[in-house]
Amino acid sequence: MHRWSQLFIPTLREAPADAEVASHKFLVRAGYVRQLAAGIYSYLFLGQRSFNKIIGIVREEMDRIGQEFYLPALHPRELWEASGRWSIMGENLFRLKDRKGAELCLAMTHEENMTEIARKELRSYKQLPQIWYQIQSKFRDEPRPKSGLLRVRQFLMKDSYSFDIDAAGLDVSYQKHRETYRRIFDRCGLKYLVIDAHSGAMGGSQSEEFMVYTPAGEDQVVSCANCKYAANLEKATSKLEPVEDLTAEGDGKPLEVHTPGQKTIEDVARFLGVSPKNKIKTLALMIDSKDPKSGRNTSRAVVVLMRGDHQLNEAKLATALAGKETRPMQEEEIRHLFGSPAGFLGPLGIKWAKNIADSNGPVLLVDKALEGRTNLIAGANKQDYHVKNITPGQNFQPTTYADLRAVASGDPCPNCGSPLRMDTAVEIGHIFKLGYKYSDSMGARVLDKNGKEVTPIMGSYGIGIERILTAAVEQSNDANGFWLPRQIAPFDIVVTPTNVADEKLKTTAEGIANSLESAGFDVLLDDRDERPGVKFKDADLVGIPFRVNVGKKVTEDRVEVVHRSTRQSQDVSIAAIVEYFQEVLGRAHE
RNA sequence: CGGGGAGUGGCUCAGCCUGGUAGAGCACCUGGUUCGGGACCAGGGGGUCGGAGGUUCAAAUCCUCUCUCCCCGACCA
């Protein structure tokens with residue numbers, strides 16, 4: 001039996017000064033974790049016990065669809081060169097050298113490692129499909145670790161990888177994961193939602209994230225209360241209300257108008273008596289890159305056109321630019337390209353690249369909301385002048401149209417038109433169809449039925465173990481501490497004799513703890529020689545869902561059961577205590 | 001990396017402006033009284049004031065450099 005007096009559960013009366021979010025404060029105060037350095041944490045007894053329960057659930061569910069591996073965290077450079085990620089990952093990848101000077105890295109995910117195994121070992125379609133998973137530490141040199149365990153540099157991830165002969169097979173593997181993830185998060189007692197996501201730096205097509213609403217989160221989730229639509233802001237769209245175009249003025253050709261000192265969209269719209277919806281917003285950006293051969297830095301201009309009242313979403317922009325990062329143009333660069341100061345920029349008179357791959361000329365990305373619009377107003381590339389009668393595709397040729405617009409809260413849902421809402425959330429899992437990115441670049445091939453060599457198609461799926469605990473704490477806490485769902489709590493029940501100096505209370509509490517334990521519950525006996533107030537406060541703090549107070553009422557053969565989540569208590573006869581918990585814990589999660 | 005803040009016993013913080021004995025509460029140890037919501041009394045232990053250099057008779061305090069941590073922005077489980 002676990003006796004509190006013998007355990008190391010260093011609870012703190014006050015939260016560390018540098019803890020900001022609830023889960024961070026409470027996990028430290030409750031003695032679950034201690035910080036070692038920025039984004040690096042030690043897990044103590046209670047924390048590890050909770051993680052073990054979470055891992056147990058993950059493993060049990062994953063074993064139903066896949067096979068558990070355990071791969072190294074230390075990888076040779078060559079492995080990452082093979083996929084091209086040695087250079088792509090930049091500073092996020094921890095790198096080191098061994099005694100011989102050979103370069104290594106600490107793995108941030110295991111696509112390369114898994115694909116390497118597949119490449120060497122898989123020969124035939126008969127061996128497919130395969131789903132391989134592991135639960136293991138990942139290392140990422142985050143530019144900014146934060147929020148306790150929410151964003152760290154070393155963390156546990158359940159990562160799995162599927163190999164299929166074709167896209168239909170990948171669909172099956174993907175759906176299996178989707179269902180497994182639902183079971184895992186359900187069993188962990190989390191309230192979560194599944195949303196359409198942006199694939200990020202991993203590449204690939206379809207992708208969904210499992211999110212838990214919390215103000216501590218870092219993601220913006222757009223959702224519709226009416227229908228089931230939910231998406232990451234980076235991916236979300238909304239229905240566009242029809243906009244009335246202006247009628248052509250004069251002969252219908254581009255017409256310069258004098259707009260002295262009118263620089264912002266609002267100023268110009270007001271000055272000309274039109275809506276910002278009829279204006280083109282011109283954003284001037286640059287992509288900086290290093291030429292791998294010469295080592296020289298080169299820059300390429302990217303100009304983005306948005307409807308005047310719309311905002312650019314940078315993740316969508318990055319997708320349109322195949323992941324390349326942009327920065328705002330500097331004053332001289334703007335003058336160089338447009339021949340005009342900022343405030344009067346527009347698309348006319350510049351020879352734009354014909355397509356993204358075309359390196360002749362700057363790129364002109366035009367948001368889809370401008371496609372098909374007519375007689376818009378843009379800057380004239382001339383101080384104090386704007387131009388009317390501009391129609392995209394007619395007066396200028398975009399390099400390409402793309403969805404670049406950020407959805408705003410209140411925009412109409414793309415499915416049903418109801419107002420969309422936006423919430424912050426934390427990502428606890430992510431599943432995506434990788435496609436051929438790794439299998440192709442690393443040369444994994446199998447023979448199909450016809451004896452023809454084909455490239456297996458992959459999927460990749462992750463769960464952040466720590467984030468399950470963190471999300472649970474964020475979801476369920478009050479001024480005194482937090483409570484976990486029984487399935488992931490370090491203990492099911494804490495038995496608290498109010499005074500261990502009283503023999504009767506002490507032995508009764510031990511008896512109760514013993515019988516609960518024999519009945520299969522995970523029990524912690526608070527046998528410390530502390531005043532009741534101290535024990536109650538600690539019990540409320542550490543996340544255990546139920547408490548049995550063994551106090552004065554033992555003379556009436558009764559004890560008090562306290563439900564941490566509701567703070568409600570009720571008297572239960574000592575003889576019936578096991579039955580009571582069998583009944584309560586047999587039901588749904590508390 | 002840009003911007004903001006903070007480093008003083010285990011924890012939370014005061015002291016710094018205006019240099020001169022390192023302090024409080026909590027925690028810890030001993031003894032006693034107490035015992036249903038973080039008790040009380042008495043005694044006690046514990047600090048290179050993040051580090052280095054400088055100014056000064058004298059530096060936690062002033063100056064320079066540096067390290068670390070937290071928060072706000074671009075990435076992700």
Side-chain angles (χ1 to χ4, degrees), chain A residues 10-21 24-25 28-29 31 34-40 58 88-93 108-109 135-160 181 197-202 207 209-212 217-219 232 234 314-315 317-318 323 325-328 426-432 460-471 479-481 496-502 505 528-541 547 549-553 559-560 562 567 569:
Chain A
T11 58
L12 263 29
R13 189 180 287 231
E14 281 167 298
D18 53 17
E20 201 80 9
V21 303
H24 186 196
K25 287 181 185 166
V28 173
R29 280 191 59 200
R34 287 294 184 262
Q35 183 175 24
L36 179 63
I40 307 178
V58 170
I88 289 170
M89 282 310 173
E91 305 226 282
N92 259 30
L93 189 62
M108 46 202 299
T109 59
I135 296 163
Q136 194 234 24
S137 294
K138 298 287 183 268
F139 298 86
R140 296 183 187 177
D141 196 358
E142 291 290 340
R144 188 178 157 218
K146 57 182 279 202
S147 308
L149 288 187
L150 229 39
R151 172 151 230 83
V152 290
R153 295 194 291 172
Q154 174 179 344
F155 62 97
L156 286 168
M157 178 154 90
K158 186 290 299 173
D159 48 322
S160 45
Y181 275 34
H198 164 82
S199 312
M202 300 294 178
S207 154
E209 289 169 333
F210 293 74
M211 310 292 286
V212 173
E218 301 181 279
D219 290 88
N232 194 305
E234 298 169 351
E314 298 195 10
L317 174 64
E325 282 184 28
T326 55
R327 63 166 170 84
V426 62
E427 180 184 355
I428 53 173
H430 197 164
I431 53 177
F432 49 100
S460 148
Y461 319 87
I463 290 179
I465 301 294
E466 288 90 339
R467 282 192 179 175
I468 292 181
L469 176 61
T470 314
N480 294 320
T496 308
T498 54
N499 183 358
V500 292
D502 183 327
L505 295 189
R528 293 175 299 168
D529 184 12
E530 290 287 352
R531 294 168 59 85
V534 173
K535 295 188 179 190
F536 294 160
K537 288 286 186 193
D538 271 347
D540 283 350
L541 176 62
R547 179 172 92 221
N549 281 346
V550 181
K552 292 180 210 126
K553 291 175 209 154
V559 290
E560 188 179 52
V562 182
R567 312 210 72 193
S569 64

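Naming: A, B, ... by sequence-line order, numbering from 1 per chain.
Between the CG atom of A:Leu317 and the C1' atom of B:rC75 there is a distance of 15 Å, rounded to whole Å. Atom CD of A:Glu530 is separated from atom C1' of B:rU34 by 13 Å (rounded to the nearest Å). Rounded to whole Å, atom P of B:rU34 lies 14 Å from atom CG of A:Asp529. One can place CG of A:Leu36 at 11 Å from P of B:rC70, the figure rounded to the nearest angstrom. Atom pair A:Arg153:CZ and B:rC70:C1' shows a separation of 14 Å (rounding to whole Å applied). What separates CZ of A:Phe155 from P of B:rC76 is a distance of 12 Å, to the nearest Å. B:rU68 atom P lies 13 Å from atom CD of A:Gln35, rounded to whole Å. The interatomic distance linking A:Glu218 (CD) with B:rA74 (P) rounds to 10 Å, in whole Å.
Taking atom C1' on both B:rU64 and B:rU56, the two are 16 Å apart, rounded to the nearest angstrom. Using atom C1' as the reference point in both B:rC65 and B:rC57, the two lie 26 Å apart (nearest Å). Nucleotides B:rU21 and B:rA59, compared at atom P, are 11 Å apart to the nearest Å. For the C1' atoms, the distance linking B:rA6 with B:rA42 amounts to 38 Å, nearest Å. Taking atom P in both B:rU8 and B:rG4, the straight-line distance is 22 Å, to the nearest Å. B:rG47 sits 11 Å from B:rG10 when the C1' atoms are compared, rounded to a whole Å. On the C1' atoms, B:rC67 is 7 Å away from B:rG51, given to the nearest whole Å. When the P atom is compared between B:rC63 and B:rU55, the two are found 15 Å apart, to the nearest whole Å.
In this structure, A:Thr498 and A:Val550 have side chains that are not in contact, with every pair of non-hydrogen atoms separated by 4.5 Å or more. Taking 4.5 Å as the limit, every side-chain heavy atom of A:Phe155 sits out of range of all side-chain heavy atoms of A:Leu149.
Using a 4.0 Å heavy-atom cutoff across all strands shown, A:Ile463 reaches no nucleic acid atom at all. In this structure, A:Ala19 reaches neither bases nor backbone, as no heavy-atom distance under 4.0 Å exists between it and the strands shown. Residue A:Pro10 is out of contact with every strand shown, counting any heavy-atom pair closer than 4.0 Å. If you check every strand for non-hydrogen atoms under 4.0 Å, A:Val152 touches a base. Among the heavy atoms of the strands, none lies under 4.0 Å from A:Thr470.
Counting distance only, with no hydrogens placed and no angle test, the side-chain atoms of A:Asp219 and the base atoms of B:rC76 include a donor-acceptor pair under 3.5 Å. Scanning atom types as modelled, no donor and acceptor separated by under 3.5 angstrom connect the side chain of A:Arg144 and the base of B:rC75.
When the salt bridge (charged side-chain N to carboxylate O under 4.0 Å, His left out) test is applied to A:Lys146, the partners found at least two apart in sequence or on another chain are A:Glu218. When the salt bridge (charged side-chain N to carboxylate O under 4.0 Å, His left out) test is applied to A:Arg144, no partner is found at least two apart in sequence or on another chain. A:Lys553 meets the side-chain hydrogen bond (donor to acceptor under 3.5 Å, both in side chains) test with A:Asp571; sequence neighbours excluded. In this structure A:Arg153 satisfies the salt bridge (charged side-chain N to carboxylate O under 4.0 Å, His left out) test together with A:Asp141, sequence neighbours excluded. For A:Arg34, the side chain to side chain contact (heavy atoms under 4.5 Å, CB included) test picks out A:Pro10, A:Leu12, A:Val28, A:Leu44, with sequence neighbours left out. Not a single side-chain hydrogen bond (donor to acceptor under 3.5 Å, both in side chains) links A:Arg531 to another residue, sequence neighbours left out.
Within the shown strands, B:rU30 is the pairing partner of B:rA42 under the Watson-Crick or G-U definition, both distances less than 3.5 Å. With a 3.5 Å ceiling on both atom-pair distances, B:rC17 lacks any Watson-Crick or G-U wobble partner. Within the shown strands, B:rA6 is the pairing partner of B:rU68 under the Watson-Crick or G-U definition, both distances less than 3.5 Å. Under the Watson-Crick or G-U wobble criterion, with both distances below 3.5 Å, B:rC49 has no partner in any strand shown. Using the Watson-Crick or G-U wobble rule with both distances under 3.5 Å, B:rG73 pairs with B:rC1. B:rA59 makes up no base pair with any nucleotide shown, lacking Watson-Crick or G-U wobble contacts both under 3.5 Å.
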Output a table of nitrogen or oxygen pairs between the protein and nucleotides 3-10 of chain B separated by less than 3.5 Å.
none

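If you check B:rC75, B:rC70, B:rA77 against the side chain of A:Arg140, the one that comes closest is B:rA77. The A:Asp18 side chain lies nearest to B:rC69 when the options are B:rC13, B:rC69, B:rA77.
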Checklist outcome for this item: Readout for nucleotides 36-52 of chain B: B = base within 4.0 Å of protein heavy atom, S = sugar-phosphate only, - = neither; 5' to 3' it is BBBB-------------

Next on the checklist: Please determine whether side-chain contact (heavy atoms from CB on, under 4.5 Å) holds for the pair A:Ser207 and A:His430, giving the CA-CA distance in whole Å, both sets of side-chain angles, and the decisive distance to 0.1 Å.
Outcome noted: CA-CA 7 Å; A:Ser207 154; A:His430 197 164; 2.6 Å; yes

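Put simply, CG on A:Leu505 and NZ on A:Lys552 are 10.0 Å apart, with the number rounded to the nearest 0.5 Å. To the nearest 0.5 Å, atom CD of residue A:Glu14 and atom CZ of residue A:Arg29 are 8.5 Å apart.
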Pairs under 3.5 angstrom only: tabulate donor-acceptor contacts from the side chains of residues 461-470 of chain A to other protein residues two or more places apart or in another chain.
from	atom 1	to	atom 2	distance (Å)
A:Tyr461	OH	A:Ser162	OG	2.7
A:Glu466	OE1	A:Leu156	N	2.9
A:Glu466	OE2	A:Tyr43	OH	2.5
A:Glu466	OE2	A:Leu156	N	2.9
A:Arg467	NE	A:Leu150	O	3.0
A:Arg467	NH1	A:Glu427	O	3.0
A:Arg467	NH2	A:Leu150	O	2.9
A:Thr470	OG1	A:Glu466	O	2.7

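With the nearest nucleotide of RNA chain B identified for both A:Pro145 and A:Asn499, A:Asn499 has the one nearer the 5' end.
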